[in-house]
Peer 1: 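Here it is, the structure in full.
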Amino acid sequence: MAREAIVNALSEALSRAKAAGDLPEDVDLSIELQVPRDSRHGDMATSLPLVLANEVGGSARGIAEKLVAHLDIPKGIVAKSEVAGPGFINFTLAPEYLRGVVRRIVEEPEQYARTNAGGGKSILLEFVSANPTGPVAVVQGRAAALGDSLAKLFERTGWRVAREYYVNDATNSTQVQRFAETLEARYLQQFGREATVPEDGYQGDYVVEMAEELVRAEGDRYLHMSREERLSALYDYSLKKIVDGQQRDMRAFGVGFDQWVFESALYAADEVEAAIETLKEKGHTYEKEGALWLKATELGDDQDQVLIRSDGRPSYLAGDIAYHRNKFERGFDRLIDIFGPDHHGHVRRVKAGVQAVGYDPARFEIFIHQWVRLFQGSEMVRMSKRAGDIVPLSSLLEDVGTDAARFFFLMQSMESHLDFDLELAKKRANENPVYYVQYAHARISSILREAEERRIAVPSVASVNLDLLEHPDEFSLIRKLAELPGEVVEAAARCEPHRMTRYAREVAAAFHVFYTNCRVLSDDDAQLTATRLTLVQATQTVLRIVLDTIGISAPEKM
RNA sequence: GCGCCCGUAGCUCAGUUGGAUAGAGCGGCUGCCUUCUAAGCAGCGGGUCGCAGGUUCGAAUCCUGCCGGGCGUGCCA
């Protein structure tokens, strides 16, 4: 609000300066407003004069003075616009504007930090999509936290969002076959038979557990089958078991999907075949060594890719192209995939495929998040997939809980490696940032409870005198609350949910300072009590919104 | 070899569509509980922003080269 008003006023001042001959007519610049690092530089600042001076010559301070002279910001928003430093213009928000923010939040908590940048357009967000050969692992938990939070941010900014999880269960899938062979070996071992896990099988203990469970549930009946029958039965059994488990993992993490899309269903509907046909028709394929290839190099990839293997089975990529075409055909305006770090080689292939099949690659974004390393204090917990000792998300959740897991996954940008300190995440103490933030909410709840006990009614905004808000720590808090809409917009636009954890800590910090220095429930000043209760309510609303976008709870008590 | 990501305080990281004196948390040290939750607050210390050049009025941020770490580079998914 204030931001738009200032930007508009600056752009008008620019026109007036041109009309008055203070600036040449032909300059045209986008106006950037930033929040200065140093609060002495005001609440917002622009370096426009510096950029202008660079463009047209002359002194930046001189240009700044002229712009300020032409500046006409609507009343009640800015208290002070001043030229500073080498040629910045710094704006200080008016107290009455800040008080108005509190009023707005309390009057319409549901609408606060809801915007319409998306204009009702639709996004399909695909994330996690773990291979159906094991439980959801910790790294994929990171994807789940990122995807879910991103979805919420998009929803707040006017997009319609669908969340999807893709299951690579292609007919006769090599990896599921390999898994079935592994399970077979573990099953046979249960009966003391000589059997070894295939070289490229799955080493994890979870397969042993699956075999034990299978014995408990169905006894030795798989022993009396031909190998072919047995593998076929185990193939179906594993797939169902694993996918059920993954669905349970996601539920436990509080991440819901609108749809689980099965690759096998795309095959059943002949969509893979159809996609390949289209690629052929459009001349993007050729045959070599008995296989069908996609001319991916013509579309930006560094090598061509196999679509149909020489044994006649379509490749993983073929299924993926069909899936992405299917997404576009369902009418989504924008597609976003979140991939794990081991898939970045796949990015260009899928993009090439999407383009080849006739869709605009600009409407399709792929984000790669980096690895998660688990630390027990300063000691790293081994989790290499090769050795089979992957750490399942479910055991992380048992260990630290979903709130801590989600918060930690979102504490840093997705493109940097994440060192997850299990000890820190478990600490119910102030070193733990999750509790720092949740504690602010619990304190607020406690004030509101105490007010109720003292029979102090939470006042209606209309009856409260917000002019009583004048303490510096009250204003610092309000300034933070005022940043929420902008933070949400930025986080969504840049696809950076981790901004929200940082912002959450800042709001909590501002609140804790306010709490320490400004007593809310006063015995002798009913008016001030009412006013501060209103500010507390506004803070509660903001914290709830932020915690919701991160996907963690807002506890009443701690 | 080629491609992607990372390199900022003792540790873990923000900050990177160029802007003012580079920030936070943790750890270390010092204070603060008769009053709404001390899971809190206040303070002190801590930096050649991997290295070297370049562009710019201005570079952690852009360009080039180099060094270090991770990952990818399958008719696996």
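Each chain gets a letter, A, B and so on, in the order its sequence line appears, and its residues count up from 1.
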Peer 1: Under 4.5 Å between any side-chain heavy atoms of Leu14(A) and Leu52(A), yes or no?
Peer 2: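 Of all side-chain heavy-atom pairs linking Leu52(A) with Leu14(A), at least one is under 4.5 Å.
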Peer 1: Under a 4.0 Å threshold between the charged nitrogen and the carboxylate oxygen, would Arg454(A) count as salt-bridged to Asp523(A)?
Peer 2: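 The answer is yes: the pair qualifies as a salt bridge.
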Peer 1: Students often get this wrong, so: under 4.0 angstrom with heavy atoms, is Gln303(A) touching a base, only sugar-phosphate, or nothing?
Peer 2: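 Sugar-phosphate: the residue Gln303(A), judged by heavy atoms under 4.0 Å, touches backbone atoms but no base.
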Peer 1: Looking for any heavy atom pair under 4.0 Å, which part of the strands does Ser173(A) touch: base, sugar-phosphate only, or nothing?
Peer 2: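 No contact at all - Ser173(A) keeps every heavy atom at 4.0 Å or more from the nucleic acid.
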Peer 1: With centres under 5.5 Å and planes under 30° as the test, does Trp371(A) stack with G70(B)?
Peer 2: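 Whether judged by distance or by angle, Trp371(A) falls short somewhere, so it does not stack on the base of G70(B).
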Peer 1: Assign Ala440(A) to base, sugar-phosphate, or nothing according to its heavy-atom contacts below 4.0 angstrom with the strands shown.
Peer 2: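 No contact at all - Ala440(A) keeps every heavy atom at 4.0 Å or more from the nucleic acid.
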Peer 1: Any side-chain N or O of His369(A) less than 4.0 Å from the OP1 or OP2 oxygen of C71(B)?
Peer 2: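 Negative; the distance criterion is not met.
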Peer 1: With the side chain of His344(A) defined as its heavy atoms from C-beta on, choose the nearest nucleotide among A77(B), A39(B), C71(B).
Peer 2: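 Closest nucleotide among those given: C71(B).
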Peer 1: Rounded to the nearest 0.5 Å, how far apart are NE2 of His441(A) and CZ of Arg544(A)?
Peer 2: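 Reported to 0.5 Å precision, the distance equals 4.0 Å.
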Peer 1: Choosing from A77(B), U17(B), C75(B), which nucleotide comes nearest the side chain of Trp293(A)?
Peer 2: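 Between A77(B), U17(B), C75(B), the one nearest the side chain of Trp293(A) would be C75(B).
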Peer 1: Could you tell me whether Val513(A) contacts a base, only the sugar-phosphate backbone, or nothing, with contacts defined as non-hydrogen atoms closer than 4.0 Å?
Peer 2: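 Since only primed, P, OP1 and OP2 atoms lie under 4.0 Å of Val513(A), the category is sugar-phosphate.
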Peer 1: Considering only side-chain heavy atoms of Arg502(A), which listed nucleotide, U17(B), G19(B), A14(B), is closest?
Peer 2: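 Given the options U17(B), G19(B), A14(B), the side chain of Arg502(A) is closest to A14(B).
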Peer 1: Would His41(A) pass as stacked on A20(B), i.e. its ring centre under 5.5 Å from the base's six-membered ring centre and planes under 30° apart?
Peer 2: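 The ring of His41(A) is stacked on A20(B).
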Peer 1: Report the nucleotide, chosen from G19(B), C75(B), C41(B), that has the shortest atom-to-atom distance to any side-chain atom of Leu50(A).
Peer 2: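 Nearest listed nucleotide: G19(B).
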Peer 1: From C41(B), G3(B), A77(B), pick the nucleotide closest to the side chain of Arg348(A)?
Peer 2: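 Nearest listed nucleotide: G3(B).
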Peer 1: Classify the nucleic acid contact of Ser310(A) as base, sugar-phosphate or nothing, counting any heavy atom under 4.0 Å across all strands shown.
Peer 2: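 Here Ser310(A) touches the bases of the nucleic acid.
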Peer 1: What's the closest nucleotide to the side chain of His346(A) if the choices are A77(B), A14(B), U35(B)?
Peer 2: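 Looking only at side-chain atoms, His346(A) lies closest to A77(B).
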Peer 1: Considering only side-chain heavy atoms of Arg519(A), which listed nucleotide, C41(B), U73(B), C36(B), is closest?
Peer 2: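 Looking only at heavy atoms from C-beta outward on Arg519(A), the closest nucleotide is C36(B).
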Peer 1: With the side chain of Tyr435(A) defined as its heavy atoms from C-beta on, choose the nearest nucleotide among C36(B), U12(B), A39(B).
Peer 2: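 Of the options given, the side chain of Tyr435(A) lies nearest A39(B).
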Peer 1: Ignoring backbone atoms, test whether Thr174(A) places a side-chain nitrogen or oxygen under 4.0 Å from the OP1 or OP2 oxygen of A77(B).
Peer 2: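 Affirmative; the distance criterion is met.
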Peer 1: In the structure shown, which nucleotide is the Watson-Crick or G-U wobble counterpart of C51(B), with both distances under 3.5 Å?
Peer 2: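 Per the H-bond distance test, G65(B).
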Peer 1: Spell out yes or no: do the side chain of Asp169(A) and the base of A77(B) have one donor N/O and one acceptor N/O closer than 3.5 Å?
Peer 2: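 Checked by distance alone, the answer is no.
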Peer 1: Quick one: is Ser416(A) getting a side-chain N or O under 4.0 Å of the A14(B) phosphate, OP1 or OP2?
Peer 2: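 So the side chain of Ser416(A) is within the cut-off, an N or O lying under 4.0 Å from OP1 or OP2 of A14(B).
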Peer 1: Output yes when at least one side-chain N/O atom of Gln412(A) is less than 4.0 Å from OP1 or OP2 of C6(B), else no.
Peer 2: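 Checking C6(B) against Gln412(A), no side-chain N or O comes under 4.0 Å of OP1 or OP2.
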Peer 1: Would you classify Asp419(A) as touching base, sugar-phosphate or nothing, given that sugar-phosphate means primed atoms plus P, OP1 and OP2, and contacts are heavy atoms under 4.0 Å?
Peer 2: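 Sugar-phosphate contact only.
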Peer 1: Whom does G1(B) pair with, Watson-Crick or G-U wobble, provided both distances fall under 3.5 Å?
Peer 2: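 Paired with U73(B).
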Peer 1: Using a strict threshold of under 4.0 Å (side-chain N to carboxylate O), is an ion pair present between Asp304(A) and Lys295(A)?
Peer 2: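 No salt bridge links Lys295(A) with Asp304(A).
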Peer 1: Would you say Arg494(A) places a side-chain N or O within less than 4.0 Å of OP1 or OP2 belonging to G15(B)?
Peer 2: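 Result: no.
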Peer 1: Are Arg443(A) and A38(B) close enough that a side-chain N or O sits under 4.0 Å from OP1 or OP2?
Peer 2: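 For A38(B), OP1 or OP2 has a side-chain N or O of Arg443(A) closer than 4.0 Å.
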Peer 1: Answer with base, sugar-phosphate or nothing: what part of the nucleic acid does Pro341(A) contact at a heavy-atom distance below 4.0 Å?
Peer 2: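 Touches sugar-phosphate only.
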Peer 1: Is the shortest side-chain N to carboxylate O distance from Glu453(A) to Arg449(A) below 4.0 Å?
Peer 2: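 So Glu453(A) does not pair with Arg449(A) through a salt bridge.
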Peer 1: Heavy atoms from C-beta onward define the side chain here; which of G19(B), C75(B), A20(B) lies closest to that of Arg309(A)?
Peer 2: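 The nucleotide sitting nearest to the side chain is C75(B).
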Peer 1: Indicate yes or no: does Arg479(A) engage Glu483(A) in a salt bridge with an N to O separation below 4.0 Å.
Peer 2: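 Answer for the salt bridge query: no.
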Peer 1: With sugar-phosphate meaning primed atoms plus P, OP1 and OP2, does His343(A) contact a base, only sugar-phosphate, or nothing at under 4.0 Å between heavy atoms?
Peer 2: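 Base contact - His343(A) has a heavy atom under 4.0 Å of at least one base atom.
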Peer 1: Only pairs with both distances under 3.5 Å count, Watson-Crick or wobble alike; so what is the partner of C44(B) in this structure?
Peer 2: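 Check on C44(B): paired to G28(B), both distances under 3.5 Å.
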Peer 1: Could you classify C67(B) for me, syn or anti, using a glycosidic angle within 90° of 0 as syn?
Peer 2: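 Nucleotide C67(B) adopts anti.
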Peer 1: At under 4.0 Å between heavy atoms, what does Arg178(A) touch on the DNA or RNA strands: base, sugar-phosphate, or nothing?
Peer 2: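 It contacts nothing in the nucleic acid.
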Peer 1: Could you tell me whether Lys327(A) and Glu126(A) have a side-chain N and a carboxylate O separated by less than 4.0 Å?
Peer 2: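 Salt bridge present between Lys327(A) and Glu126(A).
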Peer 1: For a quick check of understanding: with a heavy-atom distance under 4.0 Å over all strands, which category does Glu556(A) fall into, base, sugar-phosphate or nothing?
Peer 2: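 Base contact.
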